[in-house]
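This report refers to the structure that appears directly beneath it.
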Amino acid sequence: METTGIFLVKDDITKLKTDAIVNAANRTLLGGGGVDGAIHRAAGPELLSECRLLHGCDTGDAKITQAYRLPAKYVIHTVGPVWRGGNQNEEKLLAACYRRSLQLAAVHNCSSVAFPNISTGVYRFPKEKAAKIAIVTVKKFLLENKYPEKVYFVCFDDENFSIYKRLLKQETN
Ligand code: ADP
């Protein structure tokens with residue numbers, strides 16, 4: 001499914017051969033559960049060694065590393081906000097994650113980038129709200145910038161996949 005450079009897939013993000021994949025990391029950048037754990041396991045221990053040199057990352061910001069044993073070229077580590085009811089700047093911080101990740105991808109000449117559904121796992125951001133923010137932010141960036149040319153929303157759970165499917169379909173109508 002495509003909307004002007006935006007693609008939806010249901011997959012394990014560690015399998016994708018895009019120029020960059022985005023990791024929903026935590027502020028330490030030293031690994032964790034969920035997609036973060038899967039990325040570190042698939043990339044191998046060299047990823048953690050490079051992450052140690054980065055000294056963490058603020059919420060809403062992003063940092064880039066090599067991808068080691070992954071098929072992608074780069075991993076962009078971004079730290080999503082923990083959902084605390086919506087009055088702690090969560091929506092702006094989530095949009096910033098997508099924007100900062102795309103900026104880093106552009107600087108590194110990445111033509112394709114894959115995003116997981118940042119913050120919608122253990123960080124409990126409401127999935128529909130998160131999907132709307134992700135789509136609006138990515139769409140705007142793609143319109144205003146040459147790179148990246150293709151963005152993949154990679155859904156792992158059925159609920160996120162059906163939310164994205166519905167929202168992206170609405171956009172094309
Ligand atoms: P956060 O702490 O940002 O909420 P999680 O890793 O707990 O991060 O969840 C973020 C999203 O990543 C969830 O929607 C979850 O279904 C998804 N996810 C978990 N493993 C993978 C994977 N291997 N590939 C893609 N998405 C994944």
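Ligands are counted one by one from 1 in listed order, and the atoms in each one are counted from 1 as well. None of the values given here were measured: they were computed from a predicted structure. One is the number of the first residue; the rest follow in order along the sequence.
- Annotation: side chain of Ser111 is not in contact with side chain of Asn109 (no heavy-atom distance under 4.5 Å).
- Looking only at heavy atoms of the protein, atom 3 (O) of ligand 1 is closest to Ser119 N, 2.9 Å.
- Residues Ala106 and Tyr147 come closest through the heavy atom pair CB-O, 3.4 Å.
- The protein atom (non-hydrogen) at minimum distance from atom 23 (N) of ligand 1 is Asp12 OD1, 2.9 Å.
- Here the protein heavy atom with the shortest distance to atom 5 (P) of ligand 1 is Gly121 CA, 3.9 Å.
- By the 3.5 Å distance cut-off applied to N or O atoms, Ala24 is not counted among the residues near ligand 1.
- Not a single heavy atom of Gly80 sits less than 4.0 Å from an atom of ligand 1.
- The shell of residues lying under 4.0 angstrom from ligand 1, judged by heavy atoms, includes Asn160.
- Here the shortest heavy-atom pairing between Ala131 and Ile163 reads CB-CG2, 3.7 Å.
- Regarding atom 11 (C) of ligand 1, its nearest protein heavy-atom neighbour is Asn117 O, 3.4 Å.
- Selection from Val122, Val82, Val35, Asp157 by nearest heavy atom to atom 2 (O) of ligand 1 gives Val122.
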**Prompt:** Under the side-chain contact (heavy atoms from CB on, under 4.5 Å) criterion, do Ile76 and Lys63 qualify, and how do the steps go?
**Reply:** CA-CA 6 Å; Ile76 295 170; Lys63 294 191 176 179; over 6 Å; no

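- Between the side chains of Asp61 and Thr78, not a single donor N or O lies within less than 3.5 Å of an accepting N or O.
- The 12-atom threshold is exceeded at CZ of Arg166, counting heavy atoms of other residues, nucleotides or ligands nearer than 6.0 Å.
- The closest heavy-atom contact to atom 18 (N) of ligand 1, among the options Phe156, Phe161, Trp83, comes from Phe156.
- Note on ring orientation: taking the six-membered ring where Trp is involved, the planes of Phe115 and Tyr98 are tilted (angle from 30° to 60°).
- For ligand 1, none of its N or O atoms has an N or O atom of Arg124 under 3.5 Å away.
- Inclusion of Thr120 in the set of residues having an N or O under 3.5 Å from an N or O of ligand 1 is warranted.
- At least one donor-acceptor pair closer than 3.5 Å links the side chain of His108 to the backbone N or O of Leu104.
- Considering backbone and side-chain N/O of Tyr123, one or more are found under 3.5 Å from N/O of ligand 1.
- Close approach of ligand 1 to Ala38 (heavy-atom distance below 4.0 Å) involves ligand atoms 23 (N).
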